[in-house]
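Just the heavy atoms: all of them, side chains too, but no hydrogens, waters or symmetry mates, feed the values below. One is the number of the first residue; the rest follow in order along the sequence.
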Amino acid sequence: MIRKYLTAAAVALSLAATTIPAMAQESNPFLSDYTTEYQIPPFDKIKTSDFIPAIKAGIAEQEQNINNIIRNRAVPDFDNTILPLENLSPILDRVSAVFYLYDGALSTDEFAQMSEEAIPLLNQASNQMILNDLLFQRIKQVYDNRTKLGMNKVQQRVTEKYYRQFAEMGAALSPEKKAELVKVNDELSRLFIQFNKNLLKATNDFKIVVYDKEDLAGLPASSIAQAAEEAKARGLDGLWVFTLHAPSRLPVLQAADNRGLREAMYRGYTTLATYGDTNNYPVIEQIIKLRAEKAHIMGFDNFAQMMTSRVMAKTPEAAENLLMQVFEPAVKRSAEEVKEMQAYVDANGGNFKIAPWDYYYYADKVKQSKYNFDESEIRPYLAVDNVLKGLFNTAERLYGIKMVEMPNAPKYMDQVTVYDVQDAKTGEHVAVFMTDYFPRASKRQGAWMEQMQSCGLYADGKTRRPIVYNVGNFTPPSGDTPALLTLDELETTFHEFGHALQAILSQAPYRSLAGTNVDRDYVEMCSQINEHWGTSPEVMKGFAKHYKTGEVIPDELIERMQAAGAFNQGFTATELAGAALLDLNWGKHNGENVNVPEFEKQVAEKIGMPEEITYRYRSPYFKHIFGDDGYASGYYTYLWSQVLEADGWELFEEKGIFDPKTAASFKKNILESGDTEDAMVLFKRFRGHEPDVHALLRLRGFEPKKAAKKGKK
């Protein structure tokens with residue numbers, strides 16, 4: 001999103017400060033530089049009432065500094081026009097970084113109420129900058145003369161990025177069109193707030209109460225214990241309560257023998273935020289209409305065309321072409337998987353046709369039968385603390401960094417752990433990393449990474465290192481049992497840390513190019529490739545130890561896990577590609593006569609979605625594309641990035657997963673480089689060729705693996 005690029009970076013010149021009363025500065029921590037180690041926000045001093053005054057002060061500071069740029073009579077150049085944009089408002093940078101952290105991970109009722117005022121103000125700050133014609137004309141002048149002003153290649157890229165982003169956000173529009181765009185953006189901002197508010201409330205409101213212990217048959221003991229604790233917390237001692245949070249929902253769908261319980265959970269999830277006062281259908285209808293209007297204002301035929309023009313794909317057709325290359329073989333494979341599941345049902349006395357709420361359950365049964373593998377066998381070896389040791393050890397072996405816990409560092413919740421990321425050889429500070437892994441009512445579903453501070457130059461002319469965090473909703477500890485992760489949660493831990501590594505290791509000199517500030521369809525490569533180390537035998541043997549006995553995970557269990565790993569890939573790829581195709585089709589909608597469930601049905605019929613599989617996310621809880629514009633007409637990027645990931649991982653497999661030369665090349669060309677060069681150039685420099693879609697088909701098992709080269713083991 002634009003706030004990543006244009007309100008958070010650096011400038012090495014004096015900027016005028018907004019006049020703020022001394023008493024306000026003392027009481028509001030956002031209004032002055034943090035004095036904490038590494039500029040970690042002083043969370044213990046931050047109150048909800050601090051946000052609005054700080055946002056308003058930041059907007060005033062930004063406005064004054066924009067005026068300073070505009071009024072500068074010198075010929076526009078990098079130092080007097082582009083560089084100041086990197087740090088328009090330090091106040092706004094500080095407050096927005098914490099605001100967006102809390103908005104996802106600590107959205108209490110008080111905070112949520114405040115955010116309804118805050119988000120329009122933050123949107124105003126963006127509009128104030130992007131739609132300022134005098135500012136844009138100076139940027140354009142630097143852009144037009146970028147090869148004549150003595151700038152180096154990275155400075156030219158920063159200039160090009162600012163020009164492109166301003167133009168993409170409407171800076172080149174007529175005053176009348178700009179006014180229309182501001183109105184649309186303001187309304188979309190309001191709708192995003194409502195969508196997220198509805199989704200959070202609907203998720204927290206839903207529950208399934210189980211009264212008979214026999215109905216819990218098949219569920220792992222940890223899930224039953226968690227449900228009992230949830231019931232007790234709700235005043236229902238002696239009963240069991242299941243929710244839509246993933247650690248509660250997924251075990252029911254995967255392991256509950258009671259088909260009615262599975263169906264209740266499935267229907268609860270797939271009708272989430274579709275009725276009552278949390279119904280997101282009307283919200284989506286308005287979002288689709290406004291997005292179509294926004295695309296037309298910007299000169300595009302539709303929203304998907306506008307969004308894909310800004311990234312590697314360039315067109316919706318190119319994105320759809322990639323998706324269908326994966327979707328069609330995935331559907332074919334899923335049909336084979338369903339056939340095997342139906343055979344299992346029939347052979348075991350079932351008298352029904354496989355339905356969507358049966359998929360996880362019978363996929364697991366077939367996997368157990370075919371590969372003698374039950375995922376519950378793995379969980380006792382995946383205590384979260386051990387997984388993190390394996391995760392951090394892998395990063396140290398590959399990239400030469402170590403994680404040193406900071407027990408006295410500021411934190412926004414007791415469950416948060418803060419680390420000083422250091423160079424393993426010299427002890428030099430590299431970054432701050434925070435983890436927040438377990439569910440709570442104030443936290444949204446899912447897992448994500450973000451930065452509170454990126455690397456690069458700051459207002460004092462000094463370079464700072466990043467402050468990065470990972471947030472998750474993993475299975476929490478229960479009684480004397482530590483948090484034991486599922487295989488999916490194991491992969492998610494490595495995935496989100498892959499994002500973190502791209503920020504932690506970034507060496508980009510300017511904040512607008514640093515870390516994950518790269519094309520949306522490139523950003524998932526680092527996270528997805530990092531998942532592979534989590535289930536590699538060499539890595540697992542180092543961290544996967546039984547939480548009771550300390551026994552190292554047996555080789556034969558890893559072998560069975562890997563053999564079973566190719567199973568159900570049809571389902572996984574089908575639901576992912578299906579959701580991505582739904583997203584792109586929403587982006588091409590003309591905004592007229594929107595009927596959400598009917599449109600979903602039409603897209604499913606058009607693409608040939610199997611009836612046993614639904615979209616990974618149905619629209620009312622598809623936060624990626626309706627919670628903001630972040631992944632809108634861009635959910636396909638997960639698969640686009642998987643092509644890059646699969647191709648890159650084949651090189652590690654060929655050379656060795658800890659091969660120093662390959663790791664050094666990946667670190668230099670991918671993790672450290674950020675957006676300092678074109679993504680395709682960087683990938684080709686690492687891999688030696690353009691991305692090969694067949695690498696993904698081979699990884700998924702839809703095509704045979706490459707034959708090993710002679711001389712290779």
Side-chain angles (χ1 to χ4, degrees), residues 195-196 199 203 244 246 249-250 253 266 269-274 280-281 284 287-288 291 303-304 307-308 311 313 316 318-331 333-334 337 356-357 359-360 363 444-448 488 491-492 495 520-521 523-524 527-528 568-589 594 596-643 645 696 700:
F195 181 94
N196 289 320
L199 180 54
T203 302
L244 291 177
R249 179 184 81 248
L250 293 178
L253 292 174
Y266 175 84
Y269 184 59
T270 55
T271 59
L272 179 61
T274 64
N280 267 334
Y281 283 153
I284 293 169
I287 289 174
I288 295 301
R291 280 179 172 165
F303 186 76
M307 296 301 282
T308 53
V311 290
E320 287 182 330
N321 178 57
L322 170 81
L323 289 171
M324 293 309 296
Q325 287 185 67
V326 177
F327 185 74
E328 289 174 351
V331 169
R333 176 60 58 83
S334 71
E337 293 167 356
W357 50 87
Y359 209 107
Y360 280 100
R444 294 199 177 116
Q445 288 198 63
W448 61 93
D488 180 69
E491 291 179 352
T492 299
H495 177 103
R520 180 65 74 184
D521 49 6
V523 74
E524 294 295 335
S527 55
Q528 290 170 173
N568 216 31
Q569 286 295 314
F571 168 81
T572 303
T574 297
E575 67 161 6
L576 173 60
L581 288 162
L582 174 64
D583 169 38
L584 282 172
N585 276 274
W586 273 129
K588 293 190 293 183
H589 200 291
V594 183
V596 179
E598 183 60 29
F599 186 78
E600 289 182 336
K601 182 180 178 183
Q602 290 172 3
V603 173
E605 291 174 352
K606 181 175 75 171
I607 65 177
M609 177 72 82
E611 62 180 12
E612 299 87 358
I613 305 175
T614 190
Y615 304 107
R616 174 174 285 193
Y617 303 105
R618 289 195 57 226
S619 302
Y621 51 92
F622 205 163
K623 184 179 182 297
H624 287 77
I625 68 169
F626 291 120
D628 55 39
D629 275 343
Y631 279 88
S633 292
Y635 193 68
Y636 75 90
T637 59
Y638 282 97
L639 271 169
W640 187 283
S641 294
Q642 281 179 17
V643 173
E645 160 231 331
L696 177 58
R700 294 283 189 176

Establish, from distance only, whether the side-chain atoms of Glu524 and Ser527 form a donor-acceptor pair under 3.5 Å.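 Ser527 and Glu524 do have a side-chain donor-acceptor pair below 3.5 Å.
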Between [X] and [Y], which heavy-atom pair has the shortest distance, and what is it?
X: Leu199; Y: Lys623; answer: CD2-CB, 4.0 Å
X: Ala313; Y: Ala318; answer: O-CB, 3.4 Å
X: Tyr359; Y: Glu612; answer: CD1-O, 3.7 Å
X: Asn280; Y: Pro620; answer: ND2-O, 3.0 Å
X: Gly578; Y: Ile607; answer: CA-CD1, 4.2 Å
X: Ala246; Y: Gln445; answer: N-OE1, 4.0 Å

Nearest 0.5 Å, what's the [atom1]-[atom2] distance between [X] and [Y]?
X: Thr271; Y: Arg618; atom1: OG1; atom2: CZ; answer: 8.0 Å
X: His624; Y: Asp583; atom1: NE2; atom2: CG; answer: 10.0 Å
X: Lys606; Y: Leu582; atom1: NZ; atom2: CG; answer: 10.0 Å
X: Ile284; Y: Glu600; atom1: CD1; atom2: CD; answer: 7.5 Å
X: Tyr631; Y: Tyr617; atom1: OH; atom2: OH; answer: 10.5 Å
X: Tyr638; Y: Glu645; atom1: OH; atom2: CD; answer: 13.0 Å

Looking at [Y], is its backbone amide N or carbonyl O close enough to the side chain of [X] to form a donor-acceptor pair, meaning the two atoms are under 3.5 Å apart?
X: Asn568; Y: Glu337; answer: no
X: Asn585; Y: Leu581; answer: yes
X: Glu320; Y: Leu584; answer: no
X: Thr572; Y: Gln569; answer: no
X: Tyr615; Y: Ala604; answer: yes

Considering only heavy atoms from C-beta outward, does the side chain of [X] approach that of [Y] to under 4.5 Å?
X: Ser641; Y: Val523; value: no
X: Val326; Y: Trp640; value: no
X: Val311; Y: Thr637; value: no
X: Thr574; Y: Ser334; value: yes
X: Phe622; Y: Trp586; value: no
X: Pro597; Y: Tyr281; value: yes

I'd like to check the salt bridge (Lys or Arg N to Asp or Glu O under 4.0 Å) partners of Glu491; sequence neighbours left out, ordered by chain and number.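 Residues passing salt bridge (Lys or Arg N to Asp or Glu O under 4.0 Å) with Glu491: none at all.
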For Arg249, what residues pass the salt bridge (Lys or Arg N to Asp or Glu O under 4.0 Å) criterion, not counting sequence neighbours?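 Partners of Arg249 under the salt bridge (Lys or Arg N to Asp or Glu O under 4.0 Å) test: none.
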Between Tyr269 and Tyr621, is the ring centroid distance below 6.0 Å?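 Yes; Tyr621 has its ring centre under 6.0 Å from that of Tyr269.
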Step by step, would you call Gln642 with Arg700 a side chain to side chain contact (heavy atoms under 4.5 Å, CB included)? CA-CA 10 Å; Gln642 281 179 17; Arg700 294 283 189 176; 2.6 Å; yes
Just jot down the side-chain contact (heavy atoms from CB on, under 4.5 Å) partners of Glu575, sequence neighbours excluded, or say none.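 Applying side-chain contact (heavy atoms from CB on, under 4.5 Å) to Glu575 gives Tyr360, Phe571, Ile613, Arg616.
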Asp629 vs Phe303, side chain to side chain contact (heavy atoms under 4.5 Å, CB included): CA-CA, chis, key distance, verdict: CA-CA 11 Å; Asp629 275 343; Phe303 186 76; 3.9 Å; yes
